[in-house]
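All chains are named by letter (A, B, ...) in the order of the sequence lines, taking the proteins before the strands, and each is independently numbered beginning at 1.
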Amino acid sequence: MAKTSAAGRIAELRRTVDYHNHRYFVVDDPEISDAEYDLLLRELQELEAEHPELQTPDSPTQRVGATPVDAFQPVRHPVALLSLANAFDLDELTAWHARTSKLLEGEPFGMVCELKIDGLAVAITYEDGMLVTGATRGDGETGENVTQNLRTVRSIPLSTPPGQSPRRFEVRGEVYMPRSGFERMNRQRAEAGQPLFANPRNAAAGALRQLDPKSTASRPLDIFVYSLGWSDDAMPGNHWDTLKRLADLGFKLNPHNRLCGAVEEVEDYFREWVEKREELDYGIDGVVIKVNSFELQARLGEVGRDPRWAIAYKFPATQAVTRLLDIRVNVGRTGSLNPYAILEPVNVGGVTVKMATLHNEDDIRRKDLRVGDWVVVERAGEVIPQVVEPVLDRRTGKEKKFTMPRRCPVCKTKVVRLPGEAMHYCVNTSCPAQLIQLLKHFVGRGMMDIDGLGESLALAFIEAGLVRDVADLYDLTVEQLQGLERMGEKSSRNVIDAIAASKSRPLDRLIFALGIRHVGGETAKLLAEAFPSLDALSKAEAEELAEVPGVGPKIAESIAAYFGEERNRRVIERLKQRGVDPRHEVRATEGPQPLAGLSFVITGKLDSMSRQAAEETVRSLGGTPQGNVTKKTSYAVVGAGAGSKLQKAQQLGIPLLTERQFLEMAGRE
DNA sequence: CTGCCTCGAGTTCG
DNA sequence: CTCGAGGCAG
């Protein structure tokens, strides 16, 4: 190929590759396939190899070309990267807004809201349309030169459109690692036996500090540019328009930036993202609010190192450190001894945490938790707090190791731990602790569903000696209840009525309500299908029970053992005498079954119905609702605030449905 | 025996 | 929601 035509083709290829690179990595909307892109890139590489004199540093082939360095050189920032003052609640935000209004003498001002990305701040300088330097934030004054590594981040342009950008300018942004990429990378590292990164932020920091740019290039880094650091040409007079200019120049901006007029809109923005943060493929730890006009920013100035024209509004921390005051033990319905932590009250994610479950003795030992330790408590996304780990640096040596009590804390019976099992059990079936838990279970939703009978009333029944087993409930009278604390005639009457109404619960609910070990709602349904009455079930031998699909030897043995106990037989007998003896009814399947053979996972909050109702809908139309995403899942229905299940579904490539699509499928729309 | 998948049990705060 | 454990297919 003649030299001139080669030069022409190279220029054309660079434009085309740059364009598709931008579509793929910045706009996130590719126009051509990966294979087509690779072909173009390869052609460019070959031509450049044939004509080395035509090579330029901004060519898309030159992202990873540099040789490893020994150390990073310091880079002084011409304009310091400022830190931001933090606001932690709405009051502080309101106060900031009021202060700013006052300083501006009541002049109205627009604000730009941005997500505060959990990554690393960088400053990237361009000269004559070419990327020349990339540096970390460092202390704000001086950072490290990581140009070669930043060049490998595909969403950072190596050059900007000629003639449109200032001769020299600096953009600032946050380099981060997407969660999906982080997980993929950690999986690979695990397979390769390499140490894992604790979180995407550490992984991104590690990637940026690789001395060999080839290592950086293999990590899934990305960037959101959030401001112009400085420029030697005129740029727009406010932040919002500047961001738009930067997007035009090919920089990747966060799509959720928003221009707001009133402080209420800012609060809405914040509240919106507290809720939706889990939906993003990257971590955010708050929102940043900036006064839009540069002129007003200049008038507001700075105090110390913090600009007065911007504030970072932090999300409530999802982790906190507090003191583990004590480890106590509860007795569950099955007799299991459940250790839990008493914590020095601490605010985690906006609520005060005083207690957290510790699961079992092994778990405590694995984490090496000791009474008196300072511990990290987490409440990330989920509602339930967890004790994550002890803070070993703060140990004094006075902490005490925990051992499971040898006797039941309630009835003092010796506890048993079967070989191979994680839990300790109190085997005394008439232990009062178990009775209260069993009673609570019996009356609960999904079982006998007795309205108005909660834990405190159940406890009162037991303490007053009115109830010794679940059958006693059906002998209670209005007069007896009125004798109890805080029980008037009306509420007593309601409770008695609710107890009477529970006699007509279906058989499977009653089986579930009995609280037989290993028998939950699902297994109870299977049993009710196979044995049409309580009588039939109680007479079944273990072998017969194990015939039921879904019931194996363990469950069968547990059921047989339950009905083998004299005490339980008496309770069953008395329940029957009191009219609690439902028969399994074979419900004819009716209506169309458009979802037959399909399985659904409902995740997040739906607008038009509860999750239970949605699961019931699936079942009634012939489908199977699932609790967890597996590769056999046909669809995941995604509501608001979906979390780990959504992630899993995406990983496995399970088709996702919006609530609307789901309703259409179910023929409810 | 191993590796799914499913089910059961316990769970915090307001 | 998470862990542990049971059931079952390969």
Residue closer to the 5' end of DNA chain B, V353(A) versus G332(A) (nearest nucleotide):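 With G332(A) and V353(A) compared, the 5'-side residue is G332(A).
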Which is more 5' along DNA chain B, the nucleotide nearest N338(A) or the one nearest A524(A)? Just name the residue.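 Residue closer to the 5' terminus by nearest nucleotide: A524(A).
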Approximate separation, where rounding is to 0.5 Å, of S533(A) OG and K576(A) NZ: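 With rounding to 0.5 Å, OG (S533(A)) is 7.5 Å from NZ (K576(A)).
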Return the OG to CG distance between S502(A) and L510(A), rounded to the nearest 0.5 Å. 9.0 Å
Please determine whether a side-chain nitrogen or oxygen atom of [X] lies at a distance below 4.0 Å from atom OP1 or OP2 of [N].
X: T334(A); N: dG10(B); value: yes
X: R517(A); N: dG8(B); value: no
X: S336(A); N: dG10(B); value: yes
X: T357(A); N: dT12(B); value: no

Of all the nucleotides listed ([options]), which has the minimum atom distance to the side chain of [X]?
X: T352(A); options: dG7(C), dG4(C), dG14(B); value: dG14(B)
X: H518(A); options: dT12(B), dG6(C), dG10(B); value: dG6(C)
X: A422(A); options: dG7(C), dG4(C), dT2(C); value: dG4(C)
X: T523(A); options: dG7(C), dT12(B), dC7(B); value: dC7(B)

Measure the distance from [atom1] on [X] to [atom2] on [N] and round it to the nearest whole Å.
X: D363(A); N: dG4(C); atom1: CG; atom2: C1'; value: 11 Å
X: D362(A); N: dA5(C); atom1: CG; atom2: C1'; value: 14 Å
X: K354(A); N: dT11(B); atom1: NZ; atom2: P; value: 17 Å
X: E522(A); N: dG7(C); atom1: CD; atom2: P; value: 15 Å
X: F512(A); N: dG8(B); atom1: CZ; atom2: P; value: 7 Å
X: K554(A); N: dG8(B); atom1: NZ; atom2: P; value: 16 Å
X: I342(A); N: dT12(B); atom1: CD1; atom2: C1'; value: 12 Å
X: N360(A); N: dA5(C); atom1: CG; atom2: P; value: 8 Å

Could you check whether H359(A) gets within reach of a base, just the sugar-phosphate, or nothing at all, counting any heavy atom under 4.0 Å?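 Answer is nothing: H359(A) stays at 4.0 Å or more from every strand.
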So which heavy atom on L526(A) is nearest to which on G550(A), and how close? CD1-CA, 4.2 Å
Decide whether D281(A) and S180(A) meet the rule of one side-chain donor and one side-chain acceptor closer than 3.5 Å.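 Present: a donor and an acceptor within the cut-off.
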If we count only N and O atoms by modelled type, under 3.5 Å, do the side chains of Y425(A) and R517(A) hold a donor and an acceptor together?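 Y425(A) vs R517(A): donor-acceptor pair found between side chains.
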